[in-house]
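To start, the structure under review is shown below, and the notes come after it.
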Amino acid sequence: MLRRLALTAVVSLAALATAVPVSTASGSTSSGPVPSAVPTTGPFAAARPSLGPLPLPVPPLPGFLDGGEGKGTGEANEVLTRLTVSVENTGVAGADGTFELECGPTGGSHPRGQAACDRLAEAGATRAGRQELFRPTPEGTMCTMIHGGHATARIVGTWEGRAVDTTASRRDGCEIARWNSLVPVLPDVR
């Protein structure tokens, strides 16, 4: 959040610096100098604003804004998703166990790592997906009494920089739907 605020401030200041004051009409008479936004003395007097769009890419933020590592806006290189997925009692060969999943770049011991990362990215692209993906079924929700098996799972770690600690099962219709929405992060046991 602080990085975004600082970046907005830098871009705003750069836009203001490129503003050129409107000159007075050629026929008007003036009793004195017209104030200008362009400095005429001091260390910035030699700098003249350039017209046109801001140069890209934006320079990295100072170290105190990016955690002191000096990486600036290079968040794409950081692993923002790192999950530990523990699955039991699925009845599917190779599906039970504890698996590590890293996204951006894909890594870990998850058997379907790239597909799982793609599913997480798909859910993260929508506001509803970000809010609902790992949220447990609210207490008091009316769910069908369909038993989907004894499979249980626990997912712990970070997803897009947010802490995750949730469990999933297949004990009723709501939990089955929730489990299915997490496939392929969780194994498909249908």
Side-chain angles (χ1 to χ4, degrees), residues 1-7 56-58 60-61 63-190:
M1 181 72 162
L2 182 60
R3 283 180 241 182
R4 201 176 278 165
L5 180 63
L7 185 59
L56 292 178
V58 176
L61 293 175
F64 69 90
L65 291 176
D66 67 359
E69 298 180 17
K71 292 181 183 174
T73 57
E75 290 181 14
N77 296 332
E78 298 177 21
V79 176
L80 297 177
T81 299
R82 182 174 286 135
L83 299 172
T84 301
V85 182
S86 301
V87 183
E88 298 176 343
N89 302 320
T90 62
V92 177
D96 292 352
T98 300
F99 308 102
E100 300 293 325
L101 175 64
E102 292 181 4
C103 300
T106 303
S109 60
H110 195 283
R112 298 187 60 205
Q114 186 59 52
C117 289
D118 291 345
R119 172 64 185 115
L120 293 173
E122 175 187 330
T126 65
R127 182 170 184 247
R130 286 190 303 274
Q131 292 176 345
E132 300 294 328
L133 188 63
F134 293 109
R135 183 181 297 179
T137 304
E139 198 65 35
T141 302
M142 301 275 282
C143 302
T144 59
M145 297 306 298
I146 300 172
H147 183 67
H150 297 287
T152 59
R154 181 166 185 204
I155 303 172
V156 179
T158 56
W159 174 54
E160 295 187 346
R162 294 187 227 42
V164 172
D165 187 354
T166 190
T167 57
S169 69
R170 298 181 61 81
R171 70 174 179 258
D172 59 35
C174 295
E175 286 295 303
I176 292 170
R178 187 165 169 256
W179 183 292
N180 291 344
S181 75
L182 286 165
V183 170
V185 177
L186 297 178
D188 190 354
V189 294
R190 290 182 248 182

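Hydrogens, waters and symmetry mates play no part in the numbers below; they use all other heavy atoms, side chains included. If you read the sequence from its start, that first residue is 1, and numbering goes on from there.
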How would you list, by chain and number, every residue that makes a side chain to side chain contact (heavy atoms under 4.5 Å, CB included) with His147, sequence neighbours excluded?
-> His150
Would you please say whether a donor-acceptor pair under 3.5 Å links the side chains of Arg170 and Asn89?
-> no
Sequence neighbours excluded, the answer for side chain to side chain contact (heavy atoms under 4.5 Å, CB included) partners of Val164 is Leu83, Phe134, Ile155, Trp159, Thr166
So Leu101 and Arg82, side-chain contact (heavy atoms from CB on, under 4.5 Å) or not? Walk me through it.
-> CA-CA 6 Å; Leu101 175 64; Arg82 182 174 286 135; over 6 Å; no
So, for Val87 and Ala95, which heavy atoms are closest and what is the spacing to 0.1 Å?
-> CB-O, 3.6 Å
Interatomic distance, Ser169 atom OG to Glu175 atom CD [nearest 0.5 angstrom] = 4.0 Å
Determine the minimum heavy-atom distance between Ala153 and Leu186, stating which atoms define it.
-> CB-CD2, 3.5 Å
To the nearest 0.5 angstrom, please state how far the CZ atom of Arg119 sits from the CD atom of Gln114.
-> 14.5 Å
Is there a donor-acceptor pair under 3.5 Å between the side chain of His110 and the backbone N or O of Ala116?
-> no
Working for side chain to side chain donor-acceptor pair (under 3.5 Å), residues Glu102 and Thr81 | CA-CA 6 Å; Glu102 292 181 4; Thr81 299; over 6 Å; no
For the pair Trp179 (side chain) and Pro187 (backbone), establish whether a donor and an acceptor sit closer than 3.5 Å, ignoring hydrogens and angles.
-> yes
Can you name the closest pair of heavy atoms from Thr98 and Ser109 and give their distance?
-> O-OG, 4.3 Å
If you look at every heavy atom in Thr106 and Gly113, which pair is closest and at what distance?
-> CG2-C, 3.7 Å
Interatomic distance, Arg162 atom CZ to Leu133 atom CG [nearest 0.5 angstrom] = 10.0 Å
Audit row: Cys103, Leu80, side-chain contact (heavy atoms from CB on, under 4.5 Å) steps and yes/no | CA-CA 7 Å; Cys103 300; Leu80 297 177; over 6 Å; no
If every non-hydrogen atom of Arg112 is compared with every non-hydrogen atom of Pro184, which pair is closest and at what distance?
-> NH1-CB, 3.3 Å
Which atom names give the shortest non-hydrogen contact between Ile176 and Ile146, and what distance separates them?
-> CD1-O, 3.7 Å
